[in-house]
Engineer: 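Would you mind keeping the following structure in view while I ask a few things?
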Number of protein chains: 2
Amino acid sequence: MPSPSLARAGRPITVVDVARQAGVSLATVSRVINGSATVSALKREQVTQAMLALDFRPDPMAQGLRRGQGNAVALLVGDIAQRHFAELTQHVQRALEGQGYDLLLFNLGHQQQRLEQFLARALRMKLRGVVLATSDALTRPVFEAGRQLLAQGVAVVSLGQDLSREGIGSIVHEERSATRRSVERLLALGHRQVAYVGRVKGSAIGTERFLGYRDALQAAGTFDPVRVWDMSFRYTAGHESVMRALDEGISFTALQAGSDEIAMGAIAALEDRGLRVPQDVAVVGFGDIDLGAYLRPALSTLSSSPQLAATQLAELLRAAEAPAAGPVRIELPRELVERASSQGARKP
Amino acid sequence: MPSPSLARAGRPITVVDVARQAGVSLATVSRVINGSATVSALKREQVTQAMLALDFRPDPMAQGLRRGQGNAVALLVGDIAQRHFAELTQHVQRALEGQGYDLLLFNLGHQQQRLEQFLARALRMKLRGVVLATSDALTRPVFEAGRQLLAQGVAVVSLGQDLSREGIGSIVHEERSATRRSVERLLALGHRQVAYVGRVKGSAIGTERFLGYRDALQAAGTFDPVRVWDMSFRYTAGHESVMRALDEGISFTALQAGSDEIAMGAIAALEDRGLRVPQDVAVVGFGDIDLGAYLRPALSTLSSSPQLAATQLAELLRAAEAPAAGPVRIELPRELVERASSQGARKP
DNA sequence: CTGAAAGCGCTTACAG
DNA sequence: CTGAAAGCGCTTACAG
């Protein structure tokens, strides 16, 4: 006897087969599939047995078409090539799977236009949900599309950026207050010239982080725009910014970066110029990507919890089945992870 | 007048609407959608106009159900948290998008069981294709499932591992010969004790890379299993392996790693023990992840070309529409990227 | 070249 | 609690 999954390779098993085998109607089979309460124990058992015997699995497309709702959740990430988003994706995939959803991945590459294009298609895709995980500042058309999706019963959640004012449930991390605390610590260590790399243009989150830096320095009365460098979130940005600053003779003894990748690039530039970390310049990253612990010097950073965020996300998506009271906003804490790159007090 | 996409937010536009507006039958609309040749220029124009006016887009689920073939390609990656796979995913997403396919991401986390589970579901998902991107050695059930999918018209392609003997088209990089060349170069620089970290158990690719190392050392008559360390592909593995070897008093002046992440972990361990790279120990990674250039010392490595691989993949998927002569095998070259971590000749 | 009709595999009012 | 029937939005033989 061939194994069930190999049987009838030609024609897939459908509800019709199950109904016949169980001696019930299509409707009853469907009710069992969908866990309807109004099925007698006897028939439920018959159907269950038949499904098992035939190795039946419902056709997701047919279900999707009929229900008007598919099984996939789209994850739109700023850029999967950035460590932060890769780690996030890992956890989101796992969380969605636990919920029985498929993950449709769409890489934005930080292009607003690509986001809008996807959203235009999204309406037709019968998605279960759309997860927006990007640091980029968003525009009106995006919010429009989000509202349309929401209106069609598609769960829309923002991961990392607060969009609750736009009616979109959001799971965010501390940003501003986290940088503020980190910079205050650098000040407490005796640093007077603290630079900031990563007030990324067009990045909502980048701006938040910068504001925390400014808060701390303004309170101390040592804020100076000349020590704020704008670039992207990638390695190159950190490297080039520091090189340029050094060329221009801008002095600094500590550096708060807007991302760990920026911090890595910055450290490379400092070493290229013969400066030691942390002796000559203390460096703090942002995000706690896993490789930070394997750098030498190991990278101090402001932690994030992609796993927690993913768990919350799954919960939010499930909750979306029932209409919510209003858009949720969940904030996750960041801890300062002190490692070698920012250790030791600065001598006055 | 409201914008077309906002019109009728309640009821989606279907082929029925288009047919009515264009004054033709459903069949004709469908023929235009699918680019059938047998439509008169006049009707084609009418339908096209109607679709434009109504902002009509076909329902992918309905199309999928009827055609027996959806629009998604599943990408199964070894572990998205590994840099290498994240970069691959980035390029695959772009390539698939160019082909009009959606990307369904499934993270294996290197668990054979998860792969088998997915494959069991895959048959029902009406996928366009399945892309297997894992370094792990595969088992018979996986090949079985692959053949079943192939038989059902699902394109199956292996990325990174040669499965052409199993009837699965494969896009691979040089592995064995690449490591061999790299190690030969280390020997030429005067190194006599070259260690290898990363003959990962259960990794087909890891084994290939190791064999290239062994080829080179056996030819030189200096192969010694005590300098071969097995672990995983991650940072921790590199760090722990080197720590242990140092503890055990195993000597070596050069290190070939099975991945860049391993190399990073190894370098951290070396520095932790006060050894300098490359002066005391030269290190070469494998894979050319983008951050290698931003490490200090910058990481020498054996390049890969995820972009090229993704392009080839898209081509293979498209070609899969027509039945091929036999499983293809495409090999991409690796170049040695010489950076600081392995520079300079070893003094005898 | 074109249209009427059947059907892809399900779910869900509607009766009973 | 259960079944017969309609229908989700398309595509594709089948006639003409």
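Computed over heavy atoms, backbone and side chain alike; hydrogens, waters and symmetry mates excluded. So you know, we letter chains A, B, ... as the sequences are listed, proteins then strands, and number each from 1.
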Engineer: For B/V39 and B/L65, take the nucleotide of DNA chain C holding the closest heavy atom to each; which residue's nucleotide lies nearer the 5' end?
Structural biologist: B/V39
Engineer: Does a side-chain N or O from A/K43 land closer than 4.0 Å to OP1 or OP2 of D/dG3, or not?
Structural biologist: yes
Engineer: Just checking, is any N or O donor in the side chain of B/D79 or B/H110 under 3.5 Å from an acceptor N or O on the other one?
Structural biologist: no
Engineer: Could you measure between the two C1' atoms, the one in D/dT12 and the one in D/dG16, and give it in whole Å?
Structural biologist: 16 Å
Engineer: Just the rounded figure in Å: distance from C1' of C/dT2 to CZ of B/R44.
Structural biologist: 13 Å
Engineer: Only stems of 3 or more consecutive Watson-Crick or G-U pairs count here, both distances under 3.5 Å; name the ones for DNA chain D, or none.
Structural biologist: C:1-3 with D:14-16, C:5-12 with D:5-12, C:14-16 with D:1-3
Engineer: Quickly, which of B/L119, B/V131, B/I168 forms a side-chain contact (heavy atoms from CB on, under 4.5 Å) with B/V156? Name it, please.
Structural biologist: B/I168
Engineer: So, does B/N34 use its side chain to make a donor-acceptor pair with the main chain of B/R31 at under 3.5 Å?
Structural biologist: no
Engineer: When you check every protein heavy atom under 4.0 Å of nucleotides 10-16 of chain D, what one-letter string (B, S, -) results, 5' to 3'?
Structural biologist: BBBB---
Engineer: Can you check whether A/Q307's main-chain N or O pairs, donor with acceptor, with A/S305's side chain at less than 3.5 Å?
Structural biologist: no
Engineer: Identify which one of A/V92, A/L104, A/L88 satisfies the side-chain contact (heavy atoms from CB on, under 4.5 Å) criterion when paired with A/L75.
Structural biologist: A/V92
Engineer: Show your working on side-chain hydrogen bond (donor to acceptor under 3.5 Å, both in side chains) between B/E45 and B/Q49 and close with a plain yes or no.
Structural biologist: CA-CA 6 Å; B/E45 182 57 20; B/Q49 286 305 324; 2.9 Å; yes
Engineer: Got a sec, which residues hit salt bridge (Lys or Arg N to Asp or Glu O under 4.0 Å) with B/E166, two or more places apart in sequence or on another chain?
Structural biologist: B/R140, B/R147
Engineer: Does A/S170 offer a backbone N or O that forms a donor-acceptor pair with the side chain of A/R329 under 3.5 Å?
Structural biologist: no
Engineer: I need the CZ-P distance between A/R20 and C/dG9, as an integer number of Å.
Structural biologist: 13 Å
Engineer: Applying a 4.0 Å non-hydrogen cut-off, can you work out what B/S40 is touching in the nucleic acid: base, sugar-phosphate, or nothing?
Structural biologist: sugar-phosphate
